[in-house]
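One structure is given here, and the rest of the page talks about it.
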Amino acid sequence: MPSPYQNKTIAVFGASQDTAKYGYKIFHTLLQKGFRVYGINPKGGHVDGQSFDTSLAEVPGPVDVAIMVIPPAALEQAVAQCVEKHVQEIWFQPGAQSQAAFSAATQADIHAVNACFMAENGLW
């Protein structure tokens, strides 16, 4: 059964070139499974031949879903980028959660979820 996210554009905040990090594992797996995915990392970088954007504003066109794999201290700024880009849904991965960021997302009418995107959607 295809994922309901297959035709959506997904941004992974905290995408990483480090294969030990979840930012790499999530980004790489989504790419391998054929999702339309963009990596967001202020330091840049690339995985599987796809370069990361340094901010969400650099992503061309709309973004439907953001997956947060970043430290809690960086979440509010990332949510602000999502509000600017009119993201519809944010997944706060375990370890990348903050009540202030979650509240900021819901107050901006963004559907916010505190759970692992990959596990909840049967991708792992």
Side-chain angles (χ1 to χ4, degrees):
M1 184 166 129
S3 166
Y5 293 95
Q6 198 69 48
N7 295 319
K8 296 186 184 257
T9 300
I10 301 172
V12 178
F13 280 79
S16 175
Q17 298 180 120
D18 183 341
T19 59
K21 293 192 172 201
Y22 280 105
Y24 169 85
K25 294 173 183 178
I26 291 170
F27 183 77
H28 171 76
T29 301
L30 290 172
L31 273 180
Q32 295 301 306
K33 292 186 180 282
F35 287 85
R36 191 170 50 240
V37 60
Y38 292 89
I40 309 299
N41 188 317
K43 297 175 188 166
H46 56 84
V47 166
D48 298 337
Q50 185 165 328
S51 295
F52 300 151
D53 293 300
T54 59
S55 74
L56 193 60
E58 292 179 12
V59 174
V63 173
D64 303 301
V65 180
I67 301 172
M68 300 296 175
V69 196
I70 56 177
L75 288 172
E76 288 182 66
Q77 198 273 336
V79 168
Q81 291 182 45
C82 291
V83 171
E84 282 288 313
K85 192 80 170 169
H86 306 290
V87 171
Q88 300 163 2
E89 189 170 343
I90 299 175
W91 287 73
F92 295 96
Q93 298 296 111
Q97 297 170 338
S98 117
Q99 188 56 51
F102 190 91
S103 294
T106 58
Q107 287 172 4
D109 289 327
I110 296 173
H111 178 68
V113 182
N114 275 324
C116 176
F117 179 86
M118 305 301 281
E120 293 295 318
N121 289 288
L123 297 167
W124 281 349

Tabulate below the donor-acceptor pairs under 3.5 Å that side-chain atoms of residues 62-84 make, not counting sequence neighbours, or state none.
from, atom 1, to, atom 2, distance (Å)
Asp64, OD2, Thr9, N, 2.7
Gln77, OE1, Gln81, NE2, 2.8
Gln81, OE1, Leu56, N, 2.7

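- Within a 6.0 Å sphere centred on CG of Asp48, other residues, nucleotides and ligands contribute more than 12 heavy atoms.
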- Given side-chain contact (heavy atoms from CB on, under 4.5 Å), test Val59 with Ile40 step by step and report yes or no. CA-CA 9 Å; Val59 174; Ile40 309 299; 3.7 Å; yes
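- Atom CG of Asn114 and atom CD1 of Ile90 lie 11.0 Å apart (nearest 0.5 Å).
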Please tabulate, for the side chains in residues 10-22, all donor-acceptor contacts under 3.5 angstrom to protein atoms that are two or more places apart in sequence or on a different chain.
from, atom 1, to, atom 2, distance (Å)
Ser16, OG, Asp18, N, 2.9
Gln17, OE1, His46, N, 3.0
Asp18, OD1, Ala20, N, 2.9

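- Side-chain contact between Gln50 and Tyr38: present, with at least one pair of heavy atoms (C-beta onward) separated by less than 4.5 Å.
- Residues Ala115 and Glu120 approach most closely at CB-CG, 3.7 Å, considering heavy atoms.
- The main-chain N or O of Phe92 is found under 3.5 Å from a side-chain atom of Gln97 such that the two form a donor-acceptor pair.
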- Message: Phe117 vs Leu30, test: side-chain contact (heavy atoms from CB on, under 4.5 Å). Steps then yes/no.
- Response: CA-CA 11 Å; Phe117 179 86; Leu30 290 172; 4.1 Å; yes
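- Of the inter-residue distances, the one linking Thr54 atom OG1 with Lys43 atom NZ reads 13.0 Å to the nearest 0.5 angstrom.
- When atom types are taken as modelled, the side chain of Lys8 and the backbone of Phe35 share no donor-acceptor pair closer than 3.5 angstrom.
- Shortest non-hydrogen contact noted between Thr106 and Ala112 is CG2-CB, 3.9 Å.
- Residue Leu31 is grouped with residue Ile26 when hydrophobic side chains (ILVMFWY) are merged at heavy-atom distances under 4.5 angstrom, including chains of intermediate members.
- For the pair Asn121/Trp91, a side-chain contact is recorded, criterion being any heavy-atom separation below 4.5 Å from C-beta on.
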